[in-house]
Amino acid sequence: MNTLKDVKIGNKAKVVKLHGEGAIKRRIMDMGITKGVEVRVRKVAPLGDPIEITVRGYELSLRKEDAQMIEVE
């Protein structure tokens with residue numbers, strides 16, 4: 001299983017599934033990350049957290065632990 005955390009800088013990926021439960025999953029979906037959407041990793045902070053991505057035409061920063069819950073292909 002590949003997660004958003006594993007995607008290299010500059011690469012694109014398609015969201016396959018969101019893991020997690022309740023409020024965490026809802027928060028990720030409210031940010032526009034839903035099944036089938038394409039995301040691109042723009043930057044990763046020097047210590048690896050957070051990860052900056054582009055989704056639906058805007059930039060978004062995610063913590064590593066949230067990025068691990070997003071399965072991509």
Side-chain angles (χ1 to χ4, degrees):
M1 174 178 89
N2 289 334
T3 63
L4 187 56
K5 181 183 160 231
D6 304 324
V7 178
K8 303 290 181 211
I9 296 171
N11 291 346
K12 293 182 181 181
K14 183 178 174 184
V15 176
V16 176
K17 185 176 181 182
L18 297 176
H19 297 277
E21 298 178 4
I24 296 168
K25 186 174 181 180
R26 181 84 239 158
R27 186 169 50 87
I28 291 171
M29 291 175 71
D30 288 345
M31 287 188 262
I33 302 170
T34 56
K35 184 177 176 181
V37 75
E38 188 175 85
V39 297
R40 184 172 72 88
V41 177
R42 296 191 64 225
K43 296 188 247 183
V44 177
L47 298 176
D49 200 11
I51 299 168
E52 187 174 310
I53 63 170
T54 301
V55 61
R56 299 182 190 263
Y58 65 94
E59 285 77 40
L60 178 66
S61 292
L62 284 177
R63 296 179 301 189
K64 275 196 301 191
E65 54 196 54
D66 291 341
Q68 280 183 306
M69 293 183 210
I70 304 167
E71 186 178 337
V72 297
E73 64 178 10

Please report the interatomic distance OG1(T54) to NZ(K12), rounded to the nearest 0.5 Å. 9.0 Å
As an exercise, state the distance from CD of E21 to CE of M69, rounded to the nearest 0.5 Å. 10.0 Å
Distance (rounded to the nearest 0.5 Å) between K14 NZ and E73 CD: 5.5 Å
Sequence neighbours excluded, the answer for side chain to side chain donor-acceptor pair (under 3.5 Å) partners of T34 is R56
Within the 4.5 Å heavy-atom criterion, are V39 and I70 side-chain neighbours or not? no
The criterion is salt bridge (charged side-chain N to carboxylate O under 4.0 Å, His left out); which residues satisfy it with R42, sequence neighbours excluded? E52, E59
Nearest 0.5 Å please: distance from the CD1 atom of I33 over to the NZ atom of K25. 13.0 Å
Starting from the C-alpha separation in whole Å, work towards a yes-or-no answer on side-chain contact (heavy atoms from CB on, under 4.5 Å) for I9 and K43. CA-CA 6 Å; I9 296 171; K43 296 188 247 183; 5.8 Å; no
Among all residues two or more places apart in sequence or in another chain, which pass the side chain to side chain donor-acceptor pair (under 3.5 Å) test with E71? H19
Measure the shortest side-chain to side-chain distance between I51 and D66 over non-hydrogen atoms and say whether it is less than 4.5 angstrom. no
If hydrophobic clusters are built from ILVMFWY residues whose side chains come within less than 4.5 Å, do V55 and I24 share one? yes
Nearest heavy-atom neighbours spanning A13 and V7: CB-CG2, 3.9 Å
In short, V15 meets V72 closest at the heavy-atom pair CA-CG1, 4.2 Å
Is L4 reachable from V16 through a run of I, L, V, M, F, W or Y residues, each pair having side-chain heavy atoms under 4.5 Å apart? no
Student check: side-chain heavy atoms of L18 and K35 closer than 4.5 Å: no
